[in-house]
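The figures that follow rest on heavy atoms only: side chains count, while hydrogens, waters and symmetry mates do not. Letters go in sequence order (proteins before strands), and every chain restarts at 1.
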Protein chains: 2
Amino acid sequence: MNSENTTIYDIASEVGVSIATVSRVLRGETNVSPATREKVQQAIDRRNYRPSSIARWLTSKTTHSLGIILPKLLNPHYAMIFTGAQEEARRLGYTMSLFPWASLDTDAYNPATMLIERRLDGLIVCVEYLPPDHDELVHEALRTLRRFMPVVLIGCVPPWYDFPAVANNNAAMMRSIVAYLTAMGHEKIAFIGGVQEDKDPHRRDIGYEEGLQDARLPYTASYRVYGKGTPEAGKAALEEMLGSLKRDYWPTAIIALNDLVAMGCLETARKHGISVPGQMSVIGCDDLFCAPYLFPSLTSVNTHQQQTGARAVQLLISGEQRRESVEWELVERASCAPFNSEKGES
Amino acid sequence: MNSENTTIYDIASEVGVSIATVSRVLRGETNVSPATREKVQQAIDRRNYRPSSIARWLTSKTTHSLGIILPKLLNPHYAMIFTGAQEEARRLGYTMSLFPWASLDTDAYNPATMLIERRLDGLIVCVEYLPPDHDELVHEALRTLRRFMPVVLIGCVPPWYDFPAVANNNAAMMRSIVAYLTAMGHEKIAFIGGVQEDKDPHRRDIGYEEGLQDARLPYTASYRVYGKGTPEAGKAALEEMLGSLKRDYWPTAIIALNDLVAMGCLETARKHGISVPGQMSVIGCDDLFCAPYLFPSLTSVNTHQQQTGARAVQLLISGEQRRESVEWELVERASCAPFNSEKGES
DNA sequence: ATGTATAATGTAAGCGCTTCCATTCAGATC
DNA sequence: GATCTGAATGGAAGCGCTTACATTATACAT
């Protein structure tokens, strides 16, 4: 392909100048006479010549290309992060490629090798809810990688990862969600989702427990169900919880790990004839595009994922070695309402 | 960065062999004595050496990197296509980078220049519902691009685009959806969404009209509302339709351009107290992950987007110049039901 | 002992750019 | 008219690999 494989030599000889001059025109340097510039430019246009960035990179030792590693793009949460990162990268003149998690922890080939060989100018890694058995592997891979390129982390970054990062403090966020619910009079508040053995102290369920303490509410093991962050998991988890509890003890508010889990919870509630928010409030997290269109529309927390992605790119390029966090805000919709003990069962 | 900027020369001199020998070890060639191979490999491991693909590319004239251009990743439909393409690319040893539409039609810089300079081995472009005023621009950009790299198209590809493509025949699909609804007794069937002036004969609304003809139903202009493919647009469009029609003439079935539009329609129906599917059936398209969790769960059409993306990559790499289409299948859920003329208004 | 095939390794010329340094040539200065 | 200056341009050495070809060493046949 690229049959018109024109090089800088072709242009130079066509015009009758040296390649150095063509290079100068190409990069808009000023020390070229207007007449020469004009002739060269015409030849470039005539031949449809585009300089090879490959060759350029070899000289300049920089590729202006970044990488990002995400668990999966099918979850809109990650798609938003990716979009934010990609757009910011482009704005700054960089290209963004997506690499799957396998690049890091399960590649038969030496992990991360492909990333290094590509001579990326930087890498963003979204570490979220790492299964405990992956933690050490991933951490090791990251340490290797950073010897070759700047690495910025996104997500729920364990404090013992000494990397620049854009990490929302999920714990603080959850804590305030609990406060939001207790202020509404809820006392039986459940939390659904998340990895059980995750060691990260900032994870969402830690905040849940802190929130309960703030409100002097007891932590009840049956109100805490672990599971993957999918709709199916949320559905099954709430199902299980309701099944194991007498009706009087059913929670009046559910905090879901994220909106996907919340979707599953809404489904289960519907199936059991529990009215939301009449008998049970449900709150999600991430504020996915579909949250307003669920029934009832889902109260959630906007975690500004696009901004997170963009900020990570900025840190990557500026080289700042900081760990920062992004604002979040509660988006009130119909799925949460004050607890009303008078209300009868429907 | 990359402080350990080791090159093939470093390894060669460390071991005391020529760079050619190191290169042979690197690429696993057999004509190296076991002893030498061992020594070289040890030096490589010791120095943590990773050959630069940049230099390799310069020689080999191939970058093993592909590009994909999508309207926007925030729409899960495109995220699925991207995921399918990305995974297949990786499986085949290629990298996949995302480029925004702007690369093609609005770049201040010469469109597509960045793509060409990067010397991609191929490009996938998702052309869907091109606004008519963009069609010529995009077509022109694509023609330029294909002179430099193989291009495969995805989506609703107009027949006058002479490119290899993976295009579902949206018209045929829609036609059968209409058949599905008429078989259920619906006669007042509306279609919501899409670009009005799109010239493509395979677009979804053409199939809608064909379907009506099949069933000997009249085409009613008021049942056809144009609009963007978003939930908001769907909401507003149905709103407008209901507002302009006497209650007796309200459609009993809505075909939405896609699931996003369908989400908006469900919302409007809910707001007007129209029960779905009791008084009005709604069918979407694309079968997004949230379709089962809407209320009522949304009947939709699975268009196998991941497979579409994967197939496009295969065409790209194999170089086959064919235009093919991917299967689709109706996924029946709760939002469509037979029309029952006896049923009273709620 | 000589010749020949085979395996192992080295040499060097690219690949298409950037960039430092050298050269040329006006025009200005004395 | 000789010298100097600075703008415009060219020469050539990389950048880090691959690879065709050349060279050397080894083994075996004659």
Item to complete: Verify, without hydrogens or angle tests, whether A/Asp45 (side chain) and A/Gln42 (backbone) share a donor-acceptor contact under 3.5 angstrom.
Response: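 Here the side-chain-to-backbone pair does not exist.
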Discussion item. Looking at B/Val326, is its backbone amide N or carbonyl O close enough to the side chain of B/Gln307 to form a donor-acceptor pair, meaning the two atoms are under 3.5 Å apart?
Written reply: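 Checked: no pair found.
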Discussion item. I want to confirm an ordering. Mapping B/Arg24 and B/Leu58 to their closest nucleotides on DNA chain D, which one lands closer to the 5' end?
Written reply: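 Nearest-nucleotide comparison on DNA chain D picks B/Leu58.
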Worksheet item: Between A/Ile19 and B/Ile54, which has a closest nucleotide on DNA chain D that is more 5'?
Response: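 That would be A/Ile19.
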Worksheet item: Under a 4.5 Å cut-off applied to non-hydrogen side-chain atoms, are A/Leu145 and A/Phe163 in contact?
Response: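 Result no, sub-4.5 Å side-chain heavy-atom pair not found.
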Separation of [N] [atom2] from [X] [atom1] (nearest whole Å):
{"X": "B/Ile8", "N": "D/dG14", "atom1": "CD1", "atom2": "P", "value": "18 Å"}
{"X": "B/Asn31", "N": "D/dT26", "atom1": "CG", "atom2": "C1'", "value": "16 Å"}
{"X": "B/Tyr9", "N": "D/dT18", "atom1": "OH", "atom2": "P", "value": "11 Å"}
{"X": "A/Ile11", "N": "D/dT9", "atom1": "CD1", "atom2": "P", "value": "17 Å"}

Please classify the nucleic acid contact of [X] as base, sugar-phosphate, or nothing, using heavy-atom distances under 4.0 Å.
{"X": "A/Ser33", "answer": "sugar-phosphate"}
{"X": "A/Ser53", "answer": "nothing"}
{"X": "A/Ser23", "answer": "base"}

Practice prompt. Answer yes or no: does a side-chain N or O of B/Ser60 lie under 4.0 Å from OP1 or OP2 of D/dT18?
Written response: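 For D/dT18, neither OP1 nor OP2 has a side-chain N or O of B/Ser60 closer than 4.0 Å.
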Worksheet item: Any side-chain N or O of B/Tyr49 under 4.0 Å from OP1/OP2 of D/dC17?
Response: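 Looking at the OP1 and OP2 atoms of D/dC17, one of them is under 4.0 Å from a side-chain N or O of B/Tyr49.
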Item to complete: State, to the nearest 10°, the angle formed by the axis through the first five base pairs of the helix from C/dA1-D/dT30 to C/dC30-D/dG1 and the axis through its last five.
Response: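 The end axes of the helix from C/dA1-D/dT30 to C/dC30-D/dG1 are about 60° apart, to the nearest 10°.
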Is a side-chain donor-acceptor pair under 3.5 Å present for [Y] with [X]?
{"X": "A/Gln305", "Y": "A/His77", "answer": "yes"}
{"X": "A/Ser52", "Y": "A/Arg56", "answer": "no"}
{"X": "B/Ser65", "Y": "B/Thr63", "answer": "yes"}

Discussion item. By the definition side-chain contact (heavy atoms from CB on, under 4.5 Å), identify the one residue from A/Val17, A/Asp10, A/Val32 that meets it with A/Val22.
Written reply: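 Answer to the side-chain contact (heavy atoms from CB on, under 4.5 Å) test with A/Val22 among A/Val17, A/Asp10, A/Val32: A/Val17.
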Fill in: Bounds of contact between DNA chain C and chain A, in 5' to 3' order, using a heavy-atom cut-off under 4.0 Å
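Listed 5' to 3', the contact boundaries are C/dG16 to C/dC20.
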Item to complete: For the pair B/Glu140 and B/Arg143, find out whether any cationic side-chain nitrogen is under 4.0 Å from an anionic carboxylate oxygen.
Response: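 Between B/Arg143 and B/Glu140 there is a salt bridge, with a charged N closer than 4.0 Å to a carboxylate O.
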Fill in: Charged N-O contact under 4.0 Å between B/Arg91 and B/Glu88
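A salt bridge is present here (some side-chain N lies under 4.0 Å from a carboxylate O).
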